[in-house]
Each structure stands twice: as C-alpha cells, then as structure tokens.
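Everything below concerns the one structure shown next.
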Amino acid sequence: MFRPEIKVYDCTIRDGGLMNSSKFSLATVRAVYKACCEAGIDVVELGYKNSPKMFSPEQYGAWRFCEDVELFKVVDGIDNVKGTRIAVMQDAHKAFADDVAPKSDSPVDIIRVATYVKDVDKAINLANSASKKGYETTINIMAVSTAIERELDEALAQIAKETDISACYIVDSFGALYSEDIDYFVKKYSDILGDINKVGIHCHNQQQLGYANTIEAIIRGVNHLDGALYGFGRAAGNAPTELLIGFLKNPKYNIRPLLDVIGKEIISLHEEMNWGYSIPYMVCGFLNRHPDAAMKMMKVPKENPESRDYAGFYDKMAEEDF
C-alpha cells in the first residue's frame, strides 16, 4: 500500500461547491486549507477558476471564480511547513485563458482543466496557456463512462502530443464504473499517454464504489488520487480523503487534522445538503446518467410522497434511455 510517488488531492471546496453554488465562508475555506496543510495533503483544490463572463456572479460564491485576492486571504497567516500546494479548476467550456494571471502573481500552483471529450481542443488551449504562465497543469476528462471509444483515443493521443500536463484524469462523473472498467481505462490512458505516472483518478460514489474504485486504480499503478473530506461532492459525493489517508499508510500524512475539520466544519454542511449515497443517485449511477434529475428529486420536501417514489423515479429515468 505504501508508495511514495502517490499524491493525494483534496477537492472538498471545489467539488463540494457544486452542492451549494460555491457559497462557502472564508472561515470554512481557511479551515479546510489549514487542515490539509497540517495533514500533509499534497494538493488542495480551493474551487473553480471559471469566468464571471459566463455566469451570473451573484448566484455563486467566491470559490466559483477563485480570484487571487480571495485566495491570498485563504493562505494568509497559515503555516504550510509540509508544502501543500493549491490547485484551482477551469471548465474548458466555461473559462478563458486570460482568466489566469501569471504564476508570479498568484498563490495557485496547479491549474486543472476539466473537459468533455468534445471540448478537448479548448482544454488543451487552457492547459498550454497556464503552463506558459508558470503553472503545473492537468486535464480531467469528465463523464468518461459515456465517451465514444474512438473519440476518447483520439483525445488522449492529442493530449499526449500537444501538452506537457503532469496528469490526465479518469473522471467517473456519473459513478457508473466498476473495478474492471477502472482497469480498462488505466491501461488505455497509460498506453496512449506513454506513462502510468501521468494517469489520475477521480471517482464519484453513486454506487458506493468511489473509494473501492480509487483503490483499484492505486493497485493498477495510478499515483494521482482525488478525494474530498467526508466524501463532500456533487450528488453522491467522492471517495473520502480521510479513507484514502488511512489506506495509504504513508507516514507523511496525519489523519487527525482531517478528522478535526470534518467534525467542526463538514458535518454541519452535511446536515444542510443531500450528498452521499441515496436511491435516486444509485439509479443514475447504474443507468450511467447525469445526477441532475436525482439532485432535483432529493430537494423534494420529505413530507411529499414523491420524495420516496423510487420505483417511479427509476421508471422515468429508464424510459428516457429509449
């Protein structure tokens, strides 16, 4: 289990922000960052670096845009003796290259570009622009479970040829993959990218497999691992960072600060938001569907009988496949 090359990325604020429109208080973001630093987490992702030009900014919190002035407030006065680095994410279809300042003017270390296969040209442009500005970069291919194989192969070959990213991520956006799928994609990515060390994994938990599938990726040699505190992420959430730290047995990590911030900050958020395993999310997972419909059902008041009409929800989702 112990492999020193492994890097753990905590995505609590970024992926969790999909459940509350990135409306975290500065105090919560600072608490998560501080805990990750004390725990020795390699990278903490503090939100999206998407363009206000493509959103209604008043509908979202500061962490959907991650202006450098706000990020400097996060890190101010917090000791980072273990060298935890900061990442932000750009959506290929919701961001522009000029949204990112030169590395010398920013506390950010890594720009992660999320893309669907169809937008890979945009992703490459964003990643290469950020790289020229001094950032480490990754490309995260979303909804890989729905990708047409030929198009995915072409996208990976293009990424390998045209970028110098540090990792390309297998992203199980819909929580639809099983262990044999993880094996398949890890081999595909490593063969086409030419280096297993350039493969990353980001799993969602619609079928209670986010953690297990991340372990499967580790077994197959993947060294870039995404997680979130208490699994805090969109819909059923992500592989829990604290479980990964417990599994890895790496003495550089300290789980105690993570447990502390979960108890003080994350549990109260969980009481307000419906992330984690549920039947509607499960249905979307095994039907390989986007969880939007399930997220809407989870917002139906509990006193409404429709909130528990799981069979009806399944029938509706299954019919929409035809």
Side-chain angles (χ1 to χ4, degrees), residues 4 6-50 60-90 99-112 130 133-138 166 224-233 238-246 248 250-270:
I6 286 176
K7 293 180 174 61
V8 174
Y9 298 63
D10 182 77
C11 307
T12 302
I13 300 300
R14 199 276 305 165
D15 213 315
L18 293 170
M19 297 299 288
N20 70 347
S21 299
S22 302
K23 293 180 179 178
F24 296 104
S25 69
L26 175 61
T28 293
V29 178
R30 280 177 57 83
V32 169
Y33 173 69
K34 182 174 184 290
C36 287
C37 290
E38 293 174 350
I41 299 298
D42 300 280
V43 180
V44 57
E45 189 175 50
L46 292 181
Y48 283 97
K49 185 66 176 174
N50 283 336
Y60 296 91
W63 318 108
R64 189 59 56 103
F65 310 107
C66 280
E67 300 292 349
D68 289 323
V69 65
E70 297 297 329
L71 294 175
F72 277 118
K73 294 177 184 177
V74 174
V75 304
D76 183 42
I78 294 178
D79 290 333
N80 186 11
V81 296
K82 295 184 179 180
T84 295
R85 296 189 295 163
I86 293 175
V88 294
M89 177 171 280
Q90 290 189 292
D99 293 327
V100 175
K103 172 67 186 78
S104 58
D105 297 330
S106 174
V108 174
D109 302 289
I110 303 171
I111 302 292
R112 308 214 306 167
K133 293 177 182 178
Y135 297 91
E136 182 180 330
T137 57
T138 75
S166 60
H224 299 266
L225 316 177
D226 279 10
L229 296 175
Y230 207 61
F232 188 14
N238 305 108
T241 300
E242 64 276 10
L243 283 179
L244 292 176
I245 295 306
L248 291 172
N250 189 331
K252 79 174 182 177
Y253 297 128
N254 177 9
I255 198 171
R256 194 179 187 283
L258 303 182
L259 301 180
D260 189 49
V261 77
I262 289 169
K264 292 178 177 177
E265 298 284 345
I266 305 301
I267 293 298
S268 61
L269 294 173
H270 190 254

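A donor-acceptor pair under 3.5 Å is formed between the side chain of Arg30 and the backbone N or O of Val74. Judged purely by atom type and a 3.5 angstrom limit, Thr84 has no side-chain atom pairing as donor or acceptor with the backbone of Val43. In this structure, Lys73 contributes its side chain and Leu26 its backbone to no donor-acceptor pair below 3.5 Å. Between the side chain of Lys82 and the main chain of Ile41, no donor-acceptor pair closer than 3.5 Å is present. Between the side chain of Thr12 and the main chain of Leu229, a donor-acceptor pair closer than 3.5 Å is present. The backbone N or O of Val108 lies less than 3.5 Å from a partner atom in the side chain of Lys103, making a donor-acceptor pair. Put simply, the side chain of Asp42 gets close to the backbone of Val8: a donor and an acceptor are under 3.5 Å apart. At least one donor-acceptor pair under 3.5 Å links the side chain of Glu242 to the backbone N or O of Tyr230. Trp63 places a side-chain N or O within donor-acceptor distance of the main-chain N or O of Phe24, the cut-off being under 3.5 Å.
Between Ile6 and Tyr253, the shortest heavy-atom distance links the atoms O-OH, 3.6 Å. Closest approach of Ala39 and Pro257 over heavy atoms only: N-CG, 4.0 Å. Smallest separation of non-hydrogen atoms from Leu71 and Pro107: CB-CG, 3.6 Å. Pro4 approaches Asn250 most closely through the heavy-atom pair CA-ND2, 4.5 Å. Residues Gly61 and Lys23 share a closest heavy-atom pair of N-CG, 3.5 Å. When all heavy atoms of Asn238 and Ala228 are compared, the closest pair comes out as OD1-CB, 3.8 Å.
Note that CG of Asn50 and CZ of Arg64 are 7.5 Å apart. Values are rounded to the nearest 0.5 Å. If you take OG1 on Thr28 and NZ on Lys264, they are separated by 12.5 Å, rounding to the nearest 0.5 Å. Expressed to the nearest 0.5 Å, how far NZ of Lys34 lies from CG of Asn80 amounts to 11.5 Å. To the nearest 0.5 Å, atoms CD1 (Ile86) and SG (Cys66) are separated by 9.5 Å. Remark: Asp260 CG to Ile255 CD1 distance equals 12.0 Å, nearest 0.5 Å. In this structure, CG on Asp99 lies 8.0 Å from CD on Glu67, to the nearest 0.5 angstrom.
Inter-residue side-chain proximity for Ile262 and Phe232 is flagged as unmet; no heavy-atom pair is nearer than 4.5 Å. At a threshold of 4.5 Å between non-hydrogen side-chain atoms, the residues Thr137 and Ile110 do not count as touching. At least one side-chain heavy atom of Val32 sits under 4.5 Å from a side-chain heavy atom of Cys36. Annotation: side chain of Arg112 is in contact with side chain of Cys11 (closest heavy-atom distance under 4.5 Å).
For the residue pair Tyr33/Asp10, the side-chain donor-acceptor check at 3.5 Å is not satisfied.
Electrostatic pairing of Asp226 and Arg14 does not count as a salt bridge here, judged by no charged N lying under 4.0 Å from a carboxylate O.
Using the six-membered ring where Trp is involved, His224 and Tyr9 have ring planes that are tilted, between 30° and 60° apart.
Counted within 6.0 Å of NZ on Lys252, heavy atoms from surrounding residues, nucleotides or ligands total more than 12; the atom is thus considered enclosed.
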